[in-house]
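Remarks on the structure that follows.
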Amino acid sequence: WVMIDANSADNGGLYDLCSSLIKQHHGGDKGIEGVNCLFMWRHNIKPDQDGYVYMADVAKSTDKVRELVPHDFIIGVNKLVWSLLNDKQKAVLIDSQLERIAKCFDKEGHSKEDDRARPLYRLRRLEVLDDHTMNRRHVMTLNDVQQFAFDHYQKLFKEETCRSMV
């Protein structure tokens, strides 16, 4: 894991893309326009035994970590996969992670805050993600992106295996 600085030339456009997607699809009734995400690169990731590869995930930051680096969520991104994707595929990948983030509300419907008046957020279950939403927004699904990454990883690791056998 390598933390990605928002001001770094090597940030892959992640912070700008995230900000744009939040403004386009996650404000208003979704209420996550104030969320603060930290991105991290994941390196040297091999496919699992079924040939599938980790592309990205989102994790809620703990209160302790939030005191050190002010952010609500950490989004880990496979750097090799990111380098293979086009702009539309990148948008689907990050948008699908943002789709899991939701604001916390009390029983009266008011947004919850911590003791320092920061909004509280939660992670929704993976089952919440649906391909219809991604397809409607991007004319592409997360499954399409996963298949693309799967196909490219298969080629890359076949070539690597062939080279190591020589």
> Are Leu120 and Leu123 connected in a single hydrophobic cluster, I mean Ile/Leu/Val/Met/Phe/Trp/Tyr linked by side-chain heavy atoms less than 4.5 Å apart?
Replying inline: no

> Taking the side chain as C-beta and beyond, is there a heavy-atom pair between Phe105 and His110 under 4.5 Å?
Replying inline: no

>> With rounding to the nearest 0.5 angstrom, report the CG to CD distance, Asp151 to Gln146.
In response: 12.0 Å

> For the atom pair CG (Asp63) and CG (Asp115), what is the distance rounded to the nearest 0.5 Å?
Replying inline: 8.0 Å

> Taking C-beta and beyond as the side chain, do Arg137 and Glu99 meet within less than 4.5 Å on heavy atoms?
Replying inline: yes

> How long is the gap from SG on Cys18 to NZ on Lys90, to the nearest 0.5 Å?
Replying inline: 14.5 Å

> Would the number of heavy atoms belonging to other residues, nucleotides or ligands and lying under 6.0 Å from CG of Asn44 be above 12?
Replying inline: no

>> I need the Met55 CE to Ile45 CD1 distance, nearest 0.5 Å.
In response: 11.0 Å

>> So which atom in Asp72 and which in Tyr121 form the shortest heavy-atom distance, rounded to 0.1 Å?
In response: OD2-CE1, 3.7 Å

> Sequence neighbours excluded, which residues qualify as ring pair (Phe, Tyr, Trp, His ring centres under 6.0 Å) partners of Phe148?
Replying inline: His152

> Which distance, rounded to the nearest 0.5 Å, do you find between the CG of Leu14 and the CG of Leu38?
Replying inline: 10.5 Å

>> Testing the basics here: between Leu93 and Ala56, what is the closest heavy-atom pair and its distance to 0.1 Å?
In response: CD1-CB, 3.8 Å

> Linking I/L/V/M/F/W/Y whenever any side-chain heavy atoms sit under 4.5 Å apart, do Val139 and Val92 land together?
Replying inline: no

>> When you compare the side chain of Ile94 with that of Phe39, does any pair of heavy atoms fall below 4.5 Å?
In response: yes

>> Any heavy-atom pair between the side chains of Asp144 and Met134 that's under 4.5 Å?
In response: no

> Who pairs with Arg118 by salt bridge (Lys or Arg N to Asp or Glu O under 4.0 Å), at least two apart in sequence or on another chain?
Replying inline: Glu67, Asp114

> Taking the side chain as C-beta and beyond, is there a heavy-atom pair between His71 and Val65 under 4.5 Å?
Replying inline: yes

>> Could you check whether Asn143 and Gln147, counting side-chain N and O atoms only, form a donor-acceptor pair closer than 3.5 Å?
In response: no

> Crowded around Asp48 CG? As in, over 12 foreign heavy atoms under 6.0 Å?
Replying inline: yes

> How close do His26 and Leu21 get, heavy atom to heavy atom, and via which atoms?
Replying inline: CD2-O, 3.4 Å

>> Checking Asp16 against Ser19: is there a side-chain donor and acceptor pair closer than 3.5 Å?
In response: no

>> I want to check something: taking the side chain as every heavy atom from C-beta on, are Ile75 and Leu98 in contact at a cut-off of under 4.5 Å?
In response: yes

> Should Trp41 and Val77 be marked as a side chain to side chain contact (heavy atoms under 4.5 Å, CB included) after you check the CA-CA gap, both sets of side-chain angles, and the distance that decides it?
Replying inline: CA-CA 5 Å; Trp41 290 129; Val77 179; 3.8 Å; yes

>> Looking at every non-hydrogen atom in both residues, tell me the closest pair between Ser8 and Asp10 and how far apart they are.
In response: OG-N, 2.9 Å

> Which value, rounded to the nearest 0.5 Å, describes the distance between Arg100 atom CZ and Phe73 atom CZ?
Replying inline: 9.0 Å

>> Run the side-chain contact (heavy atoms from CB on, under 4.5 Å) test against His132 and tell me which residues pass, sequence neighbours left out.
In response: Asp130

>> Could you check whether any side-chain N or O of Asn11 sits under 3.5 Å from a backbone N or O of Ala6, counting only pairs where one atom can act as donor and the other as acceptor?
In response: yes

>> Within the 4.5 Å heavy-atom criterion, are Ser96 and Val145 side-chain neighbours or not?
In response: no

> What are the two closest heavy atoms between Arg122 and Lys60, and how far apart are they?
Replying inline: CA-CE, 4.2 Å

> Taking all atoms of both residues into account, what is the closest heavy-atom pair of His25 and His138, and its distance?
Replying inline: NE2-CE1, 4.3 Å

> Is the side chain of Arg42 donor-acceptor paired with the backbone N or O of Trp1 at a distance under 3.5 Å, no angle test?
Replying inline: no

